[in-house]
Amino acid sequence: MPQRLFIASPSKLGAWLDCPRMYRMAYLDRPKPAARPQRAHTSIGLTVHNVLRDFWDLPADRRTPQGVRELVRTSWIDSGFRDAEQSTMWRGRITGEITDYLRTTDRETQPLGIERTVALKSPTLALSGRIDRLDERGDQLAVVDYKTSRRPLHPDDARTSLALAFYAAAASRMFHRPCHTVELHHVPTGEVIRHEHTAESIARKLAEAESIARDLRKAADAYAQQGVEASQFAPNPSALCRWCDFRAHCPEGQAMGPEKSSWAALEYDETAAPMG
């Protein structure tokens with residue numbers, strides 16, 4: 001019998017690379033182990049993405065700083081902050097960052113897609129995900145992914161991103177138009193990291209995704225037979241363990257040091273967890 005395609009998303013593939021044990025708890029264990037409450041930086045990331053989604057639904061005459069303030073007010077997620085004062089301070093700061101970012105954006109030209117779900121299939125993999133923004137640039141398309149971390153972007157982040165390469169390939173197939181440009185837009189600073197893919201570089205990234213999917217299929221088969229004792233799910237202890245949503249269920253992760261506070265990532269430091 002033909003083997004069914006492995007269903008995945010870029011975040012699912014990335015979770016496996018970060019830590020097989022965390023992947024197991026997030027995607028395989030049932031019931032799923034209880035995760036810690038949402039952190040403040042996640043609340044900010046969700047708020048920013050929601051505002052930048054809803055902004056394009058506003059009439060042109062409301063795409064103003066006041067319009068942004070209202071969107072932030074109604075979209076604000078008040079979870080993970082130290083207290084109400086910290087939440088209020090960050091709401092004002094995020095409002096300013098989004099407003100400054102949008103001043104660099106062509107607000108008259110409607111993007112082709114906002115939070116557009118895309119998908120593609122390979123001989124072994126059915127991959128799907130959601131593009132933050134899909135722009136038309138002449139006769140070609142460009143993928144835009146928003147980043148909200150306090151951590152500065154690295155010049156290679158766009159080039160090495162498996163997710164961005166997949167988005168470009170999927171958008172090109174779905175819209176039957178070339179899509180080689182991928183961009184990371186760092187909302188806090190307005191910095192844009194751009195990469196121009198080739199057909200060869202996208203093919204290499206898709207092959208990488210297929211390789212990870214094959215490993216995940218083997219891991220799932222092992223889990224079905226051996227459960228949590230399967231050797232494929234050994235932890236990958238690192239500094240990220242101090243941020244892990246499932247560290248309460250992982251002695252090796254707890255040994256990496258005390259848990260970071262829910263608001264620790266609001267200020268950049270060398271051990272800060274990446275944000276979306």
Residues Phe55, Arg62; criterion side-chain contact (heavy atoms from CB on, under 4.5 Å); working and verdict | CA-CA 9 Å; Phe55 176 82; Arg62 291 183 55 202; over 6 Å; no

Scan for side-chain hydrogen bond (donor to acceptor under 3.5 Å, both in side chains) pairs involving residues 77-86, sequence neighbours excluded, and state none if there are none.
-> Asp78-Ser87

Verify same cluster id: Val144, Val182 (apolar side-chain graph, 4.5 Å) | no

Derivation and outcome, side-chain contact (heavy atoms from CB on, under 4.5 Å), residues Lys260 and Arg39 = CA-CA 10 Å; Lys260 291 286 189 178; Arg39 294 178 180 274; 4.1 Å; yes

Give me the other members of the hydrophobic cluster that Ile77 sits in, counting Ile, Leu, Val, Met, Phe, Trp and Tyr linked by side-chain heavy atoms under 4.5 Å, directly or via other members.
-> Leu46

If every non-hydrogen atom of Ala219 is compared with every non-hydrogen atom of Trp16, which pair is closest and at what distance?
-> CB-CH2, 3.7 Å

For residues Pro251 and Arg21, report the shortest heavy-atom separation together with the two atoms involved.
-> CD-NH1, 4.2 Å

So, Thr109 versus Asp106: side-chain donor-acceptor pair below 3.5 Å or not?
-> yes

Can you name the residues that form a salt bridge (charged side-chain N to carboxylate O under 4.0 Å, His left out) with Arg137, not counting sequence neighbours?
-> Asp135, Glu183

Would Val187 end up clustered with Leu153 when hydrophobic side chains under 4.5 Å apart are linked, directly or stepwise?
-> no

Is the backbone N or O of Ala169 less than 3.5 Å from a side-chain atom of Ser172, with the two atoms forming a donor-acceptor pair by type?
-> no

salt_bridge(Lys218, Asp221) N-O dist < 4.0 Å = no

Any Lys/Arg nitrogen of Lys147 or Glu191 sitting under 4.0 Å from an Asp/Glu carboxylate oxygen of the other?
-> no

Within one Ile-Leu-Val-Met-Phe-Trp-Tyr cluster: Leu5 and Leu13, side-chain cutoff 4.5 Å | no

Any donor-acceptor N/O pair, Gln254 side chain to Ala248 backbone, under 3.5 Å = yes

Please walk me through it: do Cys241 and Glu252 pass side-chain contact (heavy atoms from CB on, under 4.5 Å)?
-> CA-CA 9 Å; Cys241 293; Glu252 292 86 348; over 6 Å; no

Salt bridge or not for Arg177 and Asp139, using N-O below 4.0 Å?
-> no

Tell me who clusters with Phe246, hydrophobic residues only, linked when side chains sit under 4.5 Å apart either directly or through other members.
-> Met22, Met25

Checking side-chain contact (heavy atoms from CB on, under 4.5 Å) for the pair Asp54/Thr74: CA distance, chi angles, key distance, verdict?
-> CA-CA 11 Å; Asp54 296 342; Thr74 57; over 6 Å; no

In terms of heavy-atom contacts, Phe6 and Leu125 come closest through O-CD1, 3.1 Å

Can any side-chain N or O of Arg242 pair as donor or acceptor with the backbone N or O of Pro258 at less than 3.5 Å?
-> yes

Kindly list each side-chain donor-acceptor pair under 3.5 angstrom involving residues 91-98, sequence neighbours excluded, with atom names and distances?
unit_1, atom_1, unit_2, atom_2, d
Thr95, OG1, Arg91, O, 2.7
Glu97, OE1, Arg150, NH2, 3.1
Glu97, OE2, Arg150, NH1, 2.9

Ring pair (Phe, Tyr, Trp, His ring centres under 6.0 Å): which pairs involve residues 104-123, sequence neighbours left out?
-> none

Does Tyr101 share a hydrophobic cluster with Leu184, counting links as ILVMFWY side-chain heavy atoms below 4.5 Å and allowing steps through other members?
-> no

With Arg173, which residues qualify under salt bridge (charged side-chain N to carboxylate O under 4.0 Å, His left out), at least two apart?
-> none

Set of salt bridge (charged side-chain N to carboxylate O under 4.0 Å, His left out) partners for Arg63, sequence neighbours left out = none

Taking only residues at least two apart or on different chains, which pairs with a member in residues 62-90 satisfy ring pair (Phe, Tyr, Trp, His ring centres under 6.0 Å)?
-> Trp76-Phe81

Please indicate whether Glu108 has more than 12 foreign heavy atoms, meaning atoms of other residues, nucleotides or ligands, lying under 6.0 Å from its CD.
-> no

Contacts of Ile7 meeting side-chain contact (heavy atoms from CB on, under 4.5 Å) (sequence neighbours excluded), chain-then-number -> Ala126

Do we see a donor-acceptor contact under 3.5 Å between the side chains of Gln140 and Thr181?
-> no

Tell me yes or no: between the side chains of His185 and Asp145, is some donor less than 3.5 Å from an acceptor?
-> no

Pairs under 3.5 angstrom only: tabulate donor-acceptor contacts from the side chains of residues 225-239 to other protein residues two or more places apart or in another chain.
unit_1, atom_1, unit_2, atom_2, d
Asn236, ND2, Asp18, O, 2.9
Ser238, OG, Leu240, N, 3.2

Indicate the atoms forming the closest heavy-atom contact of Arg247 with Gly257, along with that distance.
-> NH2-O, 2.6 Å

So does Arg36 pair up with Glu259, basic N to acidic O under 4.0 Å?
-> yes

By salt bridge (charged side-chain N to carboxylate O under 4.0 Å, His left out), Arg159 pairs with (sequence neighbours left out) Asp156

Would a hydrophobic clustering, with Ile, Leu, Val, Met, Phe, Trp and Tyr connected at side-chain separations under 4.5 Å, put Tyr146 with Leu164?
-> no

